[in-house]
Protein chains: 2
Amino acid sequence: MPNGTEKPGLTRSVEGKVTINDIARLANVSKKTVSRVINNSPLVREDTRRRVQAVIKRSGFTPDPRARALAFRRSFLVGMIYDNPSPQYVVNMQRGILDALEDTGHLLVLQPCDRSNPDLLDQIRAFVREQKPKGVILTPSISEDEEVAEILRQEDCPYVRIASVAVDDSDKLVRTHDHDGGREAARHLASLGHTRIAHVHGPELFRSAHERRRGFEEGLAEFGLTLLPELTREGAYTFDTGVECARELLSLDNPPTAIFLGNDEMAVGAYHAARAQGLRIPEDISVVGYDDTPMASRVWPLMTTVRIAIRDLGGEATRLLLGGREYADAKGEVDFSPELIVRASTRSLNGAA
Amino acid sequence: MPNGTEKPGLTRSVEGKVTINDIARLANVSKKTVSRVINNSPLVREDTRRRVQAVIKRSGFTPDPRARALAFRRSFLVGMIYDNPSPQYVVNMQRGILDALEDTGHLLVLQPCDRSNPDLLDQIRAFVREQKPKGVILTPSISEDEEVAEILRQEDCPYVRIASVAVDDSDKLVRTHDHDGGREAARHLASLGHTRIAHVHGPELFRSAHERRRGFEEGLAEFGLTLLPELTREGAYTFDTGVECARELLSLDNPPTAIFLGNDEMAVGAYHAARAQGLRIPEDISVVGYDDTPMASRVWPLMTTVRIAIRDLGGEATRLLLGGREYADAKGEVDFSPELIVRASTRSLNGAA
DNA sequence: CTGAAAGCGCTTACAG
DNA sequence: CTGAAAGCGCTTACAG
């Protein structure tokens, strides 16, 4: 029987493409049983499972994701919906999601968005309705939008939100505790003896901005200090607004001796504003940022800032998304606490290091 | 006839999900004809097309991508395969691709990779074989790898490469002309009167590194200068290597008065090295970077650098991928020429601005 | 220019 | 624990 055992009868795949039918035939079971093995159904006898798995391995078969997606009525895509303006934040988050997606057969698809776009909700609805992704991950600030979450629920699309405060059930949420980060920044500056301390927070639209500020006020209060309205400004988490807000603050008749800015990008802006006015960091003004982006260790002097493990955050959000309630219960409360990184942009008021 | 015209007979979609069958019934044609309209086949009478389109519009029908992917034997995904270490580069490229993908029904999926990984080729092969993406876009340096391109051809996966030199047919390539960028940097420094000029190039693995260096040498030659081996270093396109290489150069008995570094990241490293040795930029040493990342306008003094329109590059690569030979011919040669951005980190040798 | 049949490669729902 | 039938929503190949 010359090559009689190879690709007999049923095989239609001329191109060597192995399908579930080939596996079924080779393992002497129905394709439904192969399907059960693929999907880890417990309803398969152990020796049957082993036999099928052996054939799968030997033939190098991988189930066609397009066919599965059609039959499952759901694709193997995980969407990342984001509006964060920081490239470093975005890339780190992507990496974290990708880490957790590895070997799961899922793909990461990008869905940047813009909260000021009136079509935002329609776009998101269209995306999840058409693509039927396995789920989506929402990062700040879009993650704090209740309308978006509501649409996802309507469309029956699983999601996990990354946010600074409790905005959802714990199995749909990874918390960043920005409140604690702000408090650390305040404690650091206050313990260095500063009393006239300014704050440039992010847009009110971002809960993170609100949280960082609230935590900052709480930290100051521990030292008997309060955040003065005249020493508070609202920036847009951008370099330019950082420059402008810092410029205003440093031009006051009685300027602050320290400034905490809501993110590194704005803090670098403060560096430039200080320099433009001939002020030295940290001799004349202490500066604290937030995020610990690479830029914080590129500027001179190296910036004191608050670090948040964005990549880990992305990984955890993804495992939560794919694992669901079950994973959340098994894992318990996951905490991503911000950490103060003290470098060279802050020093004690009286001049000591 | 109470609600007799609504959803009669054939409709199985309980959930209001409209399918090609509904459209066919409503428009009084076969589903094949609807399919032709969806796919812009010319084999449809104009009035038939209009009638079908009207029904599609009225019903809000969008064809199911999963079903189309299965029937087409190809998904509506565009992969971005990249190994570039710069977040800003990556994010800009993604944006450019996303720009061009908008309203085409295609999704962007991320495939980061690592050239030092021995499984690289297998991973890429597995990805394109399993997912059957509509195509992939390769960015430097992975775009310069002939083995990867060969695998893509074997697997019959369309691709477009972004590279600094001609590595492929013009309909599969978007050129960045890094050679010209290097030349501009050289002309700038030489015309400022510098003669003792150093260069820190990127890894030899990157053609871009080679091209920038070659262009730089050519530019110097126009002024009768040559790049001295003792003033040349190889970095890894990272901040740390920038610091180290610049430190070495600035420590020479007869140090250079200007340095051109292969990217902004390393150039910022040179800022730090200079500062650590008490040297001022540009008074004591002129510095030129490459890429014009946001960091170039965040550091102090603002950095002179070479700009390349990464986002546009990504968009063009995508249109080329989706449009193919036809688009390439219609569009003609597309040029992305680097542009020198003169800021404050360079000045003439005799002290003039 | 149009359509009926078969098929893409899986899974669901139903039986046994 | 296992399987035969029907179906997911499209397109291809073939007729007319």
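Naming: A, B, ... by sequence-line order, numbering from 1 per chain.
No salt bridge links Glu130(A) with Arg125(A); every basic N to acidic carboxylate O contact stays at or beyond 4.0 Å. Here Arg161(B) pairs with Glu146(B) in a salt bridge; the nearest charged N to carboxylate O distance falls below 4.0 Å. The pair Arg50(B)-Asp47(B) does not meet the salt-bridge criterion, since no charged nitrogen lies less than 4.0 angstrom from a carboxylate oxygen.
Rounded to whole Å, atom P of dG7(D) lies 24 Å from atom CZ of Arg66(A). Here the C1' atom of nucleotide dC8(D) and the NZ atom of Lys31(B) are 11 Å apart, to the nearest Å. One can place CZ of Arg25(A) at 15 Å from C1' of dG9(C), the figure rounded to the nearest angstrom. With rounding to whole Å, Phe76(B) atom CZ is found 16 Å from dG9(D) atom P. The CG atom of Leu43(A) sits 7 Å away from the C1' atom of dC1(D) (whole-angstrom rounding). Put simply, CG on Asp64(A) is 6 Å from P on dC10(C), counting in whole angstrom units. Taking atom CD1 on Ile23(B) and atom P on dT2(C), their separation rounds to 17 Å, with Å as the unit. If you take CZ of Arg49(A) and C1' of dT2(D), they are 13 Å apart, rounded to a whole angstrom.
Listed pair Arg73(A) / dC8(D) fails the phosphate criterion, with no side-chain N or O lying under 4.0 Å from OP1 or OP2. Here Thr33(A) reaches the OP1 or OP2 of dG3(D): one of its side-chain N or O atoms lies under 4.0 Å away. Proximity of Thr48(A) to the phosphate of dC1(D): no side-chain N or O atom is located under 4.0 Å from OP1 or OP2. Checking the phosphate oxygens (OP1, OP2) of dG9(C), no side-chain nitrogen or oxygen of Asn21(A) falls inside 4.0 Å. Proximity of Ser30(B) to the phosphate of dG3(C): a side-chain N or O atom is located under 4.0 Å from OP1 or OP2.
Base pairing analysis places dA13(C) opposite nothing; no Watson-Crick or G-U wobble pair with both distances below 3.5 Å involves it. The partner of dA4(C) cannot be assigned: no Watson-Crick or G-U wobble pair with both contacts below 3.5 Å exists in any strand.
Here the side chain of Ser35(A) is nearest to one of dT2(C), dT2(D), dT11(C), namely dT11(C). When each of dC8(D), dT2(C), dC10(D) is scored by its nearest atom to the side-chain atoms of Leu70(A), the top-ranked nucleotide is dC8(D). Comparing atom distances between the Lys32(A) side chain and each of dA4(D), dT2(C), dC10(D) picks out dA4(D) as nearest.
At a threshold of 4.0 angstrom between heavy atoms, the contacts of Arg36(A) include nucleobase atoms, whether or not backbone atoms are also involved. Within the nucleic acid shown, Pro42(B) comes within 4.0 Å of sugar-phosphate atoms alone, with no base atom in reach, counting heavy atoms only.
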- Task: For Asp171(B) and Tyr327(B), run side chain to side chain donor-acceptor pair (under 3.5 Å): C-alpha distance rounded to whole Å, both residues' side-chain angles, the deciding distance at 0.1 Å, then the answer.
- Result: CA-CA 8 Å; Asp171(B) 60 331; Tyr327(B) 175 81; over 6 Å; no

- Decide side chain to side chain donor-acceptor pair (under 3.5 Å) for Asp83(B) and Ser141(B); before the verdict, give the C-alpha distance in whole Å, the side-chain angles of both, and the deciding distance to 0.1 Å. CA-CA 7 Å; Asp83(B) 62 338; Ser141(B) 71; 2.9 Å; yes

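Under the 3.5 Å distance criterion, with hydrogens and angles disregarded, a donor-acceptor pair is assigned to the side chains of Asn39(B) and Arg68(B).
Mapping Ala71(A) and Asn28(B) onto DNA chain C via the closest heavy atom, the residue that lands nearer the 5' end is Asn28(B).
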